[in-house]
Every structure is written in C-alpha cells, then in structure tokens.
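The structure appears right after this line, and notes come after that.
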Amino acid sequence: MTTSIPEIILNDGNKIPAVGFGTYKLKGNEGATAIESAINQGYRLLDSAYNYENEGTVGTAIRRTSIPREELIITSKLPGRYHRYNDAVVTIQESLYRANLDYYDIYLIHWPNPNRDLYLEAWQALIDAKKWGLIRSIGVCNFLPEHLQRLQDETGVMPALNQIELHPFFNQEEQRKWHEENGVVTESWSPLARANDVFQNNVLQEIATTYNKTVSQIILRWHYQLGAVAIPKSATPTRQLENISIFDFSLDDQAMQAIASLSRPNGRMKGQDPAVYEEF
Ligand SMILES: NC(=O)c1ccc[n+]([C@@H]2O[C@H](COP(=O)([O-])OP(=O)(O)OC[C@H]3O[C@@H](n4cnc5c(N)ncnc54)[C@H](OP(=O)(O)O)[C@@H]3O)[C@@H](O)[C@H]2O)c1
C-alpha cells in the first residue's frame, strides 16, 4: 500500500512533499532496508547528512526500489568543519560520490556555527554548486533570523528552507512567523521529539482518543497544519506508514491551541541553541 503526500512549493519554484523521512542512525544493510521500506510506502523526501555517514546507505536504498530518481527528493547537509568555500565545494562533490548520485535535490548547511563566522563562505559554495547543477535547491538548518537575513543581504539569495528543531514542546512560533514573512519553508527536525516524553503527554493522548488516531499522527498532522515539513524517522515499517497516514482528518482550532500550549521556552531537547551551540 502507498500513501500519497501533498506537495509544497519552495521560493525557487521546486516542489517538495509536505512530509519526509528522517534517516539519522539508519546505516548499513538494516538502514537500507528501512529506507527502502519507507520509499515503498510512499515517502519521497529523504533527509540525510554527511555527518550521519549514511549517504551511501540512502543511495543504496534508492537503487533497490523501482521509483524513478526524478520522483525522489534527496537531501544532504554540509558539516560545520567544511564551511570554507573550497572545502564546501569538495564536500558537496564527496557527498554525491558517497550516494552515487549526479545531483542532490536539496543541500543544507547543517549548523551556522556563528562564532566561527564562516557560514557565508559555505552559502556561496552552495549557490555556485546549484549553478553547476550539483544541487537543485539550497537551504540551511538551525539558522536564526539574523543569520538568514545576513545571507540575503550579502548574497541576494534567501534559503529555500530552514530545518529546525520543532515539536510540541518547542513550537518555534516566532521563527516560523519570520520564515513565513520571508518565503522560507520550515522543516521540522525531531518532529516527534524522539518519541520520548511526548507520547506520555495527557493532552496529546486525549486528542488522539478524540480523533481516533495515534499520538504520532496527531503530532504530525499538527506540523502539517502549521505549514511545517516534518521528517519523522522510523526503522519500523508499520510506524512509517502510520506517520504518513495523516491526510484524512483535520485538527480543529481547539486541538491546535491545546498543542500550542505545551510549548516551553526551554523546550529544546538538548539545549542546542544555534546562537551558541556548535557542531562540526
Ligand atoms: N538538522 C539537524 O540538526 C537535525 C537534528 C536532528 C535530526 N535531524 C533529522 O530529523 C530526523 C528526525 O528526527 P529524529 O530522528 O531525531 O527523531 P524523531 O523523528 O522525532 O523520532 C524518532 C524516534 O521516534 C520513533 N517513532 C517514529 N514513529 C513512531 C510512531 N509512530 N510511534 C512510536 N514511535 C515512533 C522511532 O522509533 P523506531 O525507529 O524504532 O520506529 C525513533 O525512536 C532525523 O532522522 C534527521 O534526519 C536533523
């Protein structure tokens, strides 16, 4: 059985599915089997990263399915240690070799690392790699509005999307508003907050009972109604299908507000504030 997922349009005119598949920790043969299963169940947007060391696994999974390459939207990310222009260009090429792909649909800067202050060089490399046909859409992860504005001011190119930590305990209201006003699509990482405390939350459990859906489906439908592209990861085929079976119901305002009330200022899972947190 496959489920079809609605699409949204990026500021560069390219389209992506409104829900994607996270691949962090999916590696090797088991990982490839899980990713292959996700594609066969209807996922078309895959999220990988150079630092996940699984671009090869993603490439292998793609080739094991019969889905044509042009129907898939494959994402990878540039690590913090390769922000220098020349390093970034080589890393994009290396990312492609690892996956055995000719192009990535989306390539993102993984973290801004503002104290190192090299993300502008990295951005210029992504802009050029797009011109050379190595990438179709370019974006970032974990950029605060001030970082995004600087990219626009210095290069004239606003990222197509920004992948940020977003789940019911940290709903990023202000950042989402800024994205909306500036034509940047919000993509939610750890959309299920890694399935820890959220699944025990009474408010979410009550809403799930009311709608006769699972807590996971309620959370993912909430992302969709916020206009954010969630990329849940699951190695479990039944959960993979559950997580994209969210287009036959709609949460009312009361449910949306009840979920909004769960957010807290310190709700990041590991306190990774992009203003100070660095990842290489
Ligand atoms: N840009 C960044 O800095 C950044 C940071 C973190 C993550 N990401 C991306 O975001 C993706 C998603 O985030 P994540 O992997 O951290 O966490 P997540 O998707 O919020 O949660 C994954 C966990 O939820 C479980 N799960 C999934 N569906 C479920 C369901 N229906 N019922 C119960 N449990 C369920 C999975 O278990 P099973 O696998 O055992 O089924 C797994 O343990 C990552 O894979 C990665 O691609 C990006």
Side-chain angles (χ1 to χ4, degrees), residues 3 16-17 19-27 30-35 37-38 41 43 45-55 57-58 61 73-80 95 99 104 106-113 119 122 139-144 147 159 161-172 175 185-201 204-205 208 213-223 228-246 267-274 277-280:
T3 298
I16 66 165
V19 177
F21 186 69
T23 70
Y24 181 49
K25 296 210 165 144
L26 296 177
K27 292 169 72 164
E30 260 182 46
T33 302
I35 297 167
S37 157
Q41 298 202 73
Y43 290 86
L45 168 63
L46 305 179
D47 184 71
S48 180
Y50 191 96
N51 273 352
Y52 300 170
E53 297 179 326
N54 71 352
E55 291 161 310
T57 302
V58 169
I73 305 292
I74 318 295
T75 309
S76 196
K77 314 192 188 86
L78 180 76
S95 268
Y104 275 100
I106 303 176
Y107 209 82
L108 308 172
I109 300 176
H110 208 145
W111 283 90
N113 293 353
Y119 62 78
V140 294
C141 307
N142 304 303
F143 273 47
L144 297 172
H147 308 137
L161 66 84
N162 188 13
Q163 187 184 108
I164 54 174
E165 178 173 355
L166 203 172
H167 43 73
F169 293 155
F170 196 67
N171 76 8
Q172 297 266 21
Q175 177 99 29
V185 166
T186 302
E187 193 168 52
S188 313
W189 64 254
S190 296
L192 301 172
R194 300 209 163 132
N196 293 327
D197 307 348
V198 266
F199 281 69
Q200 273 69 57
N201 183 271
L204 290 166
Q205 284 180 348
K213 297 287 172 188
T214 65
V215 168
S216 185
Q217 288 171 322
I218 296 298
I219 297 172
L220 293 166
R221 179 73 202 185
W222 169 78
H223 285 275
V229 176
I231 46 168
K233 171 262 173 186
S234 177
T236 319
T238 49
R239 290 176 175 173
Q240 293 171 353
L241 182 58
E242 174 188 331
N243 290 348
I244 45 172
S245 302
I246 58 163
R268 293 184 198 275
M269 287 182 303
K270 293 187 175 169
Q272 294 170 330
D273 177 355
Y277 176 78
E278 295 190 310
E279 200 171 289
F280 296 99

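In listed order, ligands and their atoms are each counted from 1.
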Minimum heavy-atom separation for S76 and Y50, please, with both atom names. OG-N, 3.4 Å
Give the residues near ligand 1 by chain and number, with the criterion being a heavy-atom distance under 4.0 Å. G22, T23, Y24, D47, Y52, K77, H110, W111, C141, N142, Q163, W189, S190, P191, L192, A193, R194, A195, F199, S216, I231, P232, K233, S234, A235, T236, R239, E242, N243
Could you check whether the rings of H167 and F170 sit parallel, tilted or perpendicular, using 30° and 60° as the cut-offs? tilted
So, using side-chain hydrogen bond (donor to acceptor under 3.5 Å, both in side chains) as the criterion, who are the partners of N113 when residues are at least two apart? none
Distance-only polar pair, side chains of T186 and Q172, donor-acceptor under 3.5 Å: no
Is there a donor-acceptor contact under 3.5 Å linking the side chains of N54 and S48? yes
Aromatic rings Y52 and Y24: how do their planes relate, parallel, tilted or perpendicular, breaks at 30° and 60°? tilted
